[in-house]
Amino acid sequence: GRMKEKRSCVIRQISMNWKEEMGFWRYLKNEKVSIEWLIEESLAPIKTGTGVEGGHVLSLQDSSTIGFKASLGRKKELKTVGSVGNCPGFIIHPNLLIDADDGRCLGLGDVSLCDQWVSQGHQDQQRHVEAEQKKTGRWLASGKAVRNSLQSAQMITHIADRESDFY
């Protein structure tokens, strides 16, 4: 709720004081709180119903690279990402759902995380690999996940950038 209220996901910015900030960090470091669980919880509202039965839903998706160049050498658990693969970080591919009729944000339809940078050389070697296994396969997987969650919608329009042009 605080992230929504403050329009931020930076723990220091959403905390009212130092004690609350430490509470957020303890929560996130709890072994019962995994990235998979957080993603599942963020997708729960879509899976329980969106109120768009018979309506038109826009499914917007794109990938973002989150790099921690300032933490080079300290973030050992992260793989390398970036245009030349020299920065610790990860790639996130969220799918945002919008009601096409009234512009209402319905929430996240899917989120996938990737922690590997794929060089051009690797892509050339993967030409004969199935699309789902390639870097661009995340558009297929995200589209399928949204269609499975929103079976009651009359129409789903997928919107993406050039990287999904095979789709």
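Below, each value reflects all heavy atoms present in this structure, side chains not excepted, and no hydrogens, waters or symmetry copies. Computed from a predicted structure; not experimentally measured.
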Rounded to the nearest 0.5 Å, what separation is found between the CD1 atom of Ile156 and the OG atom of Ser59? 7.0 Å
Mind checking side chain to side chain donor-acceptor pair (under 3.5 Å) for Gln154 and listing every partner two or more places apart, or none if nothing turns up? none
With sequence neighbours excluded, give me every salt bridge (charged side-chain N to carboxylate O under 4.0 Å, His left out) pair touching residues 18-29. Arg2-Glu20, Arg12-Glu21
If you measure only the distance, is there a donor-acceptor pair under 3.5 Å linking the side chains of His93 and Ser112? no
Of the non-hydrogen atoms in His158 and Gly143, which two are nearest, and what is the gap between them? CE1-CA, 3.6 Å
Does any non-hydrogen side-chain atom of Ile91 lie less than 4.5 Å from one of Ile66? no
Under the side chain to side chain contact (heavy atoms under 4.5 Å, CB included) test, which residues partner Ala145, sequence neighbours left out? Asp110
With sequence neighbours left out, what residues match Trp18 under side chain to side chain contact (heavy atoms under 4.5 Å, CB included)? Met22
CA sep, side-chain torsions, deciding dist, call: Gln61, Leu96, side-chain contact (heavy atoms from CB on, under 4.5 Å): CA-CA 6 Å; Gln61 54 180 309; Leu96 182 68; over 6 Å; no
Atom NE2 of His56 and atom CD1 of Ile98: how far apart are they, to the nearest 0.5 Å? 11.5 Å
Residue set satisfying side chain to side chain contact (heavy atoms under 4.5 Å, CB included) with Ile35, at least two apart, ordered chain then number -> Ile39, Leu113
Evaluate side-chain contact (heavy atoms from CB on, under 4.5 Å) for Leu38 paired with Val33, printing each intermediate quantity in order. CA-CA 7 Å; Leu38 288 170; Val33 179; 4.0 Å; yes
Is the shortest heavy-atom distance from the side chain of Gln13 to the side chain of Lys6 under 4.5 Å? no
With hydrophobic residues grouped by side-chain heavy-atom distances under 4.5 Å, do Trp37 and Ile11 end up in a single group? yes
Taking Ser8 for the side chain and Val10 for the main chain, is one N or O donor matched with an acceptor at less than 3.5 Å? yes
Nearest 0.5 Å, please: how far is CG in Leu60 from SG in Cys105? 9.5 Å
Does the side-chain contact (heavy atoms from CB on, under 4.5 Å) test come out yes or no for Leu97 and Leu108, once each step is laid out? CA-CA 6 Å; Leu97 302 177; Leu108 291 173; over 6 Å; no
Which atom of Ala100 lies closest to which atom of Leu58, heavy atoms considered: CB-CG, 3.8 Å
Common cluster, Tyr27/Ile14, ILVMFWY with side-chain heavy-atom separation under 4.5 Å: yes
Under the side-chain contact (heavy atoms from CB on, under 4.5 Å) criterion, do Val146 and Val57 qualify, and how do the steps go? CA-CA 10 Å; Val146 167; Val57 176; 5.7 Å; no
Between the side chain of Ser142 and the main-chain N/O of Arg138, is any donor-acceptor distance below 3.5 Å? no
